[in-house]
Asker: 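Quick one: this structure, given as structure tokens, is what I'll be asking you about.
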Amino acid sequence: MTSTSIILKTFRLAWKSLVANPTRSFLTMLGIIIGSLTIVIVVALGQGAKKEIEQQYSSLSVTTILINAPSTVEGAKSKLSYKDVSELTPIQSLLIVVPQLSGRVQMQYQGNSSNLAVLGTDPGFQTLANLNLLQGRFFTSEDDEQRNKVVVLGAVVAEELFGSRTADVVGKSIMVGKKEYQVIGLLEYKGGTVGPTTIDDSIFTPYSVANRYILGINGRFNINAQAKDVASIPTAIDEISTVLRQSHNLKPGMNDDFRVRDMGTTVSSAVGSSRTMAILLAAVGIVVLLVGGIGIMNIMYVTVTERTKEIGIRKAIGAKEEHILIQFLFEALIMSLLGYIIGIIFSFLVYYLLIKFEISAIAVWWSYFLSLAVTLGIGTFFGYYPAQKAAKLNPIDALRYE
Amino acid sequence: MSNPLLQLKDIRKSYEISGTLYPVLQGIDLQINRGDFIALMGPSGSGKSTLLNIIGCLDTPTSGQYLFDSTDVSRFSSSKLAEIRNRNLGFIFQNFNLIPNLSVLENVLLPGFYLGQENISKAHELLNLLGLDQKLNRRPNELSGGQRQRVAIARSLLNNPDLILADEPTGALDSKTGQEIMNIIVQLNQKDKKTILMVTHDRNIAKMAHRIINLSDGKIT
């Protein structure tokens, strides 16, 4: 008989003694089941969050700079205004500076009505947000100057009002608030946001139109700028601060009434914090597995005591220490492995539920290997000591044990 | 011409319990030849279990020499002793000592498993001879005492050992069944020429052996 078949036989033996006590074996495996499940799901959630963040900021290049007015605790109105756009425009390190007035408003086309986002801005926004037109054109400076009631639709808006993301919309008229607007363009589906605005859910109009007819003081105002290149971002931020403080008449020592953020830092800190979260949760998974391993060790000790007599018999008829060691180690390993498999099956279920409830999760192959490796490591580590105890039993004492 | 299977020379064994030495065997000299059938008798505490454990390679003596088939095994490692138990010795216990969650056939095959040669045809042959061919897949607790002891005998014979060690083989059986088991053991000695060392309390059973050794206070009397 070859040594592989001894291993197979020992494996079968260990398996049999586990099946002989199914409830106990299952309860013992519970820690491992939950632990391996946790690791896989946590990694999937981490990947999902990372992807979501990347997608969210995908429409902006890292050179984008967002300037907004945080609502202050004192309720003081920020002085950030359309005037600042022209103050900032001369800054050398900036390529584009556009205003962004955003809010929500009721829109209607024939029978379809929906509450959607409006963004009033300058034509430069198209370049800044890297928007591609599917149909028609973007509005121009003339549209802004003449306050033409023209709108460009995001893909989801077209879907809501016209029933399709690729509907033929140019030339049609829609109701925005109480006035009629002419659709001049339709954007490609983008996925992602610019500052507070989701591109696909918005309609775009010239700033003057949004300010005068649609949003007015109900709109949220901020400014987007684009730096010349990555290297000039710090200078640009400094210059923006200086210009705005001057324009807002802030004396030295007074706090800024505006906030300047660059996308590169925002994205990398968002990705960083989501990674920290994932690592933290994965650590929780490993702790659960450790506790599961301790559970296995406890039960293995009980099993060894209960089966002292059997160990004595086996030794009397010629089992060596290593035979007994391997037998009990296999039992611990089979429990770990089985716990892992059940955990993975449950993880598919949990994954399915996450997707169903639109929680961003992406299963990745290495999380299964990570979980398997940790599980087997723990099974071996915690199974070893009880198995060692069994192997070292004195055959005479073991035989006498009742 | 004598043909010694094993020789004990001045075997001593003592146990230390909280600092005090308790001598159990006090210089045993014994020779068992091939084909012998020996009954070992003695009152409780006389050291017969200890002697049987040493001969059965389950224990090692404190001092003295134990030659098994001309090899001194008294200082063997636990692994080497396990090999001797597996290849050269067969145990029959008072309480049968079968493994409850294994079938009859699996119990009998167990010594072969540790030898690395699982002799299934030999197991079948032994179980046939002992009238257990209908019980192969039964669990030990489904069998009567006599049947269990026959399974244990079949197991002791699987690896074709030189020496059978029987510790009160009829102790847990009624007298009729005990007689049947003794007949099997006598047959093993007469027909199969197995060497047998049997511990017993029962003088009538001891009489079936060729030779009776009496042990008292750790000495052969």
Side-chain angles (χ1 to χ4, degrees), chain A residues 1-25 303-328 330-331 334 387-402, chain B residues 13 15 24 49-54 56-60 76-103 106-120 139-140 151-152 154-159 161 165 167:
Chain A
M1 192 155 68
T2 61
S3 58
T4 18
S5 94
I6 286 203
I7 286 173
L8 271 176
K9 283 253 169 193
T10 313
F11 212 82
R12 232 183 55 194
L13 196 77
W15 171 256
K16 272 179 84 165
S17 80
L18 291 180
V19 197
N21 225 329
T23 316
R24 184 161 87 185
S25 304
T303 307
V304 168
T305 309
E306 276 179 355
R307 285 160 60 191
T308 300
K309 180 100 179 181
E310 176 190 327
I311 295 163
I313 297 169
R314 288 180 181 276
K315 286 198 153 189
I317 61 179
K320 295 182 184 176
E321 284 179 13
E322 60 258 35
H323 290 127
I324 305 290
L325 184 81
I326 289 173
Q327 181 189 341
F328 283 90
F330 272 15
E331 272 187 36
I334 290 175
Q388 173 91 337
K389 185 196 170 194
K392 292 278 182 208
L393 280 177
N394 175 342
I396 302 165
D397 296 337
L399 270 175
R400 214 178 282 145
Y401 187 88
E402 287 301 333
Chain B
K13 179 79 182 177
Y15 292 102
V24 181
S49 294
T50 306
L51 182 58
L52 192 74
N53 285 339
I54 289 173
C57 292
L58 290 164
D59 204 353
T60 48
F76 265 23
S77 67
S78 66
S79 168
K80 283 275 199 187
L81 290 174
E83 255 171 51
I84 293 179
R85 293 197 295 273
N86 186 238
R87 290 163 197 268
N88 306 103
L89 303 177
F91 287 91
I92 303 170
F93 302 94
Q94 179 176 359
N95 294 317
F96 326 126
N97 282 346
L98 300 175
I99 294 178
N101 59 356
L102 297 184
S103 71
E106 287 168 327
N107 264 290
V108 173
L109 282 171
L110 213 49
F113 173 58
Y114 292 121
L115 182 67
Q117 293 171 4
E118 211 158 47
N119 200 336
I120 295 183
R139 301 280 140 152
V151 175
R155 179 180 67 186
S156 75
L157 294 170
L158 186 82
N159 286 352
L165 296 164
D167 189 2

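Throughout, a chain's letter reflects where its sequence line sits, starting with A, and its residues are numbered from 1. Remember, predicted model here, so these are calculated numbers, not experimental data.
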Asker: Name each donor-acceptor pair under 3.5 Å that joins a side chain in residues 320-328 of chain A to protein atoms two or more places apart or in another chain, with its distance.
Answerer:
unit_1	atom_1	unit_2	atom_2	d
A:Lys320	NZ	B:Glu83	OE2	2.5
A:Glu321	OE1	A:Lys392	NZ	3.3
A:Glu321	OE2	B:Ser78	OG	3.3
A:His323	ND1	A:Lys320	N	2.9

Asker: Do A:Leu399 and B:Leu58 have side-chain heavy atoms sitting under 4.5 Å apart?
Answerer: yes
Asker: Between B:Asn101 and chain A, which part of the residue has a heavy atom less than 4.5 Å away: side chain, backbone, both or neither?
Answerer: both
Asker: Got a second to check how far B:Leu115's CG is from A:Ile317's CD1, nearest 0.5 Å?
Answerer: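 Answer rounded to 0.5 Å: 11.0 Å.
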Asker: Looking at A:Ala316 and B:Phe93, what are the two nearest heavy atoms and their distance?
Answerer: CB-CZ, 4.0 Å
Asker: Is A:Lys315 in contact with chain B via its backbone, its side chain, both, or neither, using a 4.5 Å heavy-atom distance?
Answerer: both
Asker: Which answer fits B:Arg155, side chain, backbone, both or neither, if we ask what part of it has an atom under 4.5 Å from a heavy atom of chain A?
Answerer: side chain
Asker: For A:Ala319 versus B:Ala82, what's the shortest heavy-atom pair and its separation?
Answerer: O-CB, 3.8 Å
Asker: Distance check, rounded to the nearest 0.5 Å: B:Asn95 atom CG versus A:Ile313 atom CD1?
Answerer: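 Separation between the atoms: 10.0 Å.
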Asker: Where on A:Arg307 is there a heavy atom nearer than 4.5 Å to chain B: the side chain, the backbone, both, or neither?
Answerer: neither
Asker: Measure the CZ-CD distance between A:Arg12 and B:Glu106 for me, rounded to the nearest 0.5 Å.
Answerer: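 Going from CZ on A:Arg12 over to CD on B:Glu106, the span is 6.5 Å.
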Asker: Heavy-atom distance under 4.5 Å to chain A: side chain of B:Ile84, backbone, both or neither?
Answerer: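 Neither; nothing under 4.5 Å.
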